[in-house]
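Here is the structure we will look at.
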Amino acid sequence: RCEKAIEGIWKELRATGTKEDLKNRREKSLAEAEKASEEVRSKRKEEKRELQTKALHTHWKVQDKHKSAIETMKKQEIEKGFKDIENFAQQMNDKEEGREDEGKAQSPADLFQKGSGQGTSMINNNNNNGQKKTAEPSATKEIWASIPYSEKAINDANDDSKSSSSNCLPPVRQTKTIRVSFSKKSRKGMPLRGDHDAELAKIRRERKDTSGPLQEQAVFLKDKGDKFFKNGDYIAGINAYTAAINKDPEMVQCYSNRAGCYLMLFRTAVASDNRLMIHQLRSCRSDCSTAIDILNTVKHLELTDKQRQLCLLKCHIKRGQAYSELGDLKDAVADFLVAAQRMKGNKEIEIKIQRLGELLKNAEKSDSLKRSCQQALSKNNLIEAKKLLDLLVGISPLDPNLRVQRAHCLMKTGYFVESLWDSTMALATLDDRNQVDLDSEEETSMAESLKKVRNKQILRSRILSVRAGGYAALHKYEKAKDDYESALALVPTHPDLQKAVQDVKMLITARKLVKQSKELFAKHKYFKAANMLTTFLKKIPMPHLHISILCNRSACYLASREYDKCVADCTRALNFFHAFKEQPPPGSDIDFSQDDTPRTLGWLRTSHIRRGSALCWQGKLEDGLKDYLMALTLQKKIEKIQFVASQSEGEDTKDDDEGKRIDSSNQNGEDDFTYSKEVASIQQDIERIRAEINGSSADDGNDDITEIS
């Protein structure tokens with residue numbers, strides 16, 4: 001509540017005075033308010049400090065109380081312990097005194113006096129009856145049983161007492177030998193039972209295993225490795241096989257299977273971006289050689305002859321593959337010949353031997369092959385250059401220059417996956433060469449060393465750029481961006497690499513925009529999807545991508561009933577396509593000159609269908625009919641191309657909706673081909689449009705004409 005300083009009615013609802021007075025008054029009020037708030041804050045701080053101090057004192061008191069209680073309990077426990085020790089000592093003293101009394105030599109009469117009261121009463125009764133004063137044997141045994149049987153008592157007793165006691169004590173137990181027979185081992189290498197330590201030690205020495213009965217553990221680890229290998233986890237399989245080999249160094253199956261894991265890691269190097277391909281090939285070769293040596297020298301292995309021969313065959317094949325990939329062609333031929341002798345009639349091995357023989361023949365003229373390859377590349381004859389490079393790479397597979405040249409040819413001819421493989425292998429060989437150069441001790445001048453380093457940087461940049469192009473062609477833009485940036489870091493002033501990095505970044509942005517627009521379209525948010533695609537057209541200056549974007553945006557406009565915009569986008573996309581057919585845009589991975597591919601024909605068909613639907617909704621039925629007829633022609637052409645391609649590949653064409661050959665008795669004479677349901681749907685729409693033009697539509701309405709395909 002704010003009370004008036006001066007009683008009465010205010011003349012105006014604002015402060016009066018000069019500007020300077022108002023300023024001073026405001027500053028004074030602010031200072032007073034700040035002072036009041038500071039006092040409140042200081043008061044709260046003081047109260048808080050007092051509460052904290054009080055809490056600390058209370059806590060200290062509780063701690064002191066607990067401490068005193070603990071000290072009291074400790075004293076009581078100590079006193080109780082001392083008392084228990086004194087009582088125990090007193091009891092022990094009493095027992096010792098009793099044992100000393102018992103250990104003294106006594107006469108049989110004294111011992112008889114200390115016997116049971118039953119024996120005494122029996123003696124008194126016998127005396128009274130005038131009979132002989134002797135105790136019964138049963139009573140005598142009870143008396144002697146109560147005497148402590150100690151060595152001291154026996155030694156101190158007199159001869160009479162010894163002779164009398166020997167007749168009463170029980171006889172000493174006789175010793176007897178117990179023989180235990182064990183069952184035989186079920187098979188060699190199993191843990192044994194009983195006292196077969198010598199035989200078990202012999203098996204351990206043969207196995208070179210001194211850590212106990214671990215053969216079963218080695219088998220368990222091998223089984224785990226087999227499961228990892230089947231599941232494709234080759235690194236875990238290598239670890240399991242290595243652990244099994246440490247347990248049992250002569251388990252040849254583990255060497256063979258581990259070599260298989262190394263070989264599979266080499267083959268899947270592109271998917272995992274593996275740079276240890278050369279190391280894995282050498283590891284595969286080493287494991288196969290070790291397994292072959294064990295199989296040929298050690299005779300006590302737990303393998304049948306069939307298993308031994310099968311393992312030898314696998315090892316020779318794997319080692320032959322490793323030799324061929326490493327460039328040791330003669331050794332590879334030797335291994336494959338051994339495998340061919342064991343597998344007679346195997347066509348795959350015979351083909352490999354024949355190819356390796358051709359490579360060995362061409363190895364002598366590799367220089368002339370390189371010159372021919374350079375001439376073919378200079379003439380842009382990529383197919384001929386690729387054939388020559390196949391021979392050269394087979395002869396020298398660890399040459400990164402040949403690898404990157406073949407990768408470039410493969411990418412230009414459309415073999416993008418093979419191009420990725422060659423570029424990744426080129427990087428691995430380059431890394432291996434760098435390691436060899438580091439290990440070598442050759443002394444070179446500073447200028448030569450710098451020149452070598454610079455040449456390697458340029459070569460690595462070229463390999464990375466080729467691989468990035470392969471990734472971009474396969475629409476793996478994130479990996480392409482990483483490779484382009486790595487190549488640009490090695491050669492920062494390269495203009496083509498700078499442009500490539502920018503283009504890939506734009507493609508990544510384009511993919512995100514297209515994905516978001518598709519999600520919005522699926523949720524029936526057509527206006528937002530169209531706006532997203534409009535953003536794409538503004539931000540991404542790549543005209544060859546605008547064709548598909550315009551087709552997608554026309555679908556949004558058609559769904560939101562903006563027919564003028566739909567017609568404009570479809571017309572613009574068709575004009576783009578015809579213009580690019582005459583002059584392809586730079587940086588495009590689509591060959592617009594070939595308008596007979598399913599991809600380009602699909603764009604044209606979709607644009608005509610959507611424009612025809614929009615024109616029909618606008619009432620321009622004749623123009624819409626033209627677009628539908630063009631879409632029908634394009635769809636038939638697409639399906640014929642697909643059918644011919646399937647026939648050329650030798651695929652089994654069954655009677656399905658995709659297409660089939662019909663009986664030669666067809667009287668139409670136009671087509672011998674049955675088209676899919678999509679062609680039939682377009683034909684139905686054409687019939688409805690014609691009926692609408694003629695004014696005799698059989699439908700209740702024309703809503704079905706404009707269905708979006």
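Between Asp328 and Arg285 there is a salt bridge, with a side-chain nitrogen of the basic residue lying less than 4.0 Å from a carboxylate oxygen of the acidic one.
Separation of atoms CG (Leu265) and SG (Cys284) is listed at 10.5 Å; rounding is to 0.5 Å. Of the inter-residue distances, the one linking Gln635 atom CD with Leu601 atom CG reads 9.5 Å to the nearest 0.5 angstrom.
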I would like to know whether Asp627 and Ile609 meet side-chain contact (heavy atoms from CB on, under 4.5 Å); could you show each step before the answer?
CA-CA 6 Å; Asp627 278 323; Ile609 288 177; over 6 Å; no
Worked check of side-chain contact (heavy atoms from CB on, under 4.5 Å) between Cys551 and Arg610
CA-CA 8 Å; Cys551 289; Arg610 287 173 182 167; 4.0 Å; yes
side-chain contact (heavy atoms from CB on, under 4.5 Å) between Phe576 and Leu550, worked out
CA-CA 10 Å; Phe576 267 137; Leu550 288 170; 3.7 Å; yes
Begin with the C-alpha distance, continue with both residues' side-chain angles, and end with the deciding distance and a verdict on side-chain contact (heavy atoms from CB on, under 4.5 Å) for Met277 and Arg267.
CA-CA 9 Å; Met277 301 168 71; Arg267 291 175 179 172; over 6 Å; no
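Between the side chains of Thr268 and Tyr234, no donor-acceptor pair is found at a separation under 3.5 Å.
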For residues 385-396, tabulate all N or O donor-acceptor pairs below 3.5 Å that involve a side-chain atom, not counting sequence neighbours.
residue	atom	partner	partner atom	Å
Asp390	OD1	Arg406	NH1	3.0

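Nearest heavy atom pair, residue Ser289 against residue Arg319, reads OG-NH1, 3.2 Å.
Legend: residues meeting side-chain hydrogen bond (donor to acceptor under 3.5 Å, both in side chains) with Arg355, ordered by chain and number and at least two apart, are absent. Partners of Glu325 by side-chain hydrogen bond (donor to acceptor under 3.5 Å, both in side chains), not counting sequence neighbours: none found.
Dense packing is recorded around CE of Met506, with more than 12 heavy atoms of other residues, nucleotides or ligands lying under 6.0 Å away. Residue-environment remark: CD (Glu348) stays at or below the threshold of 12 foreign heavy atoms within 6.0 Å.
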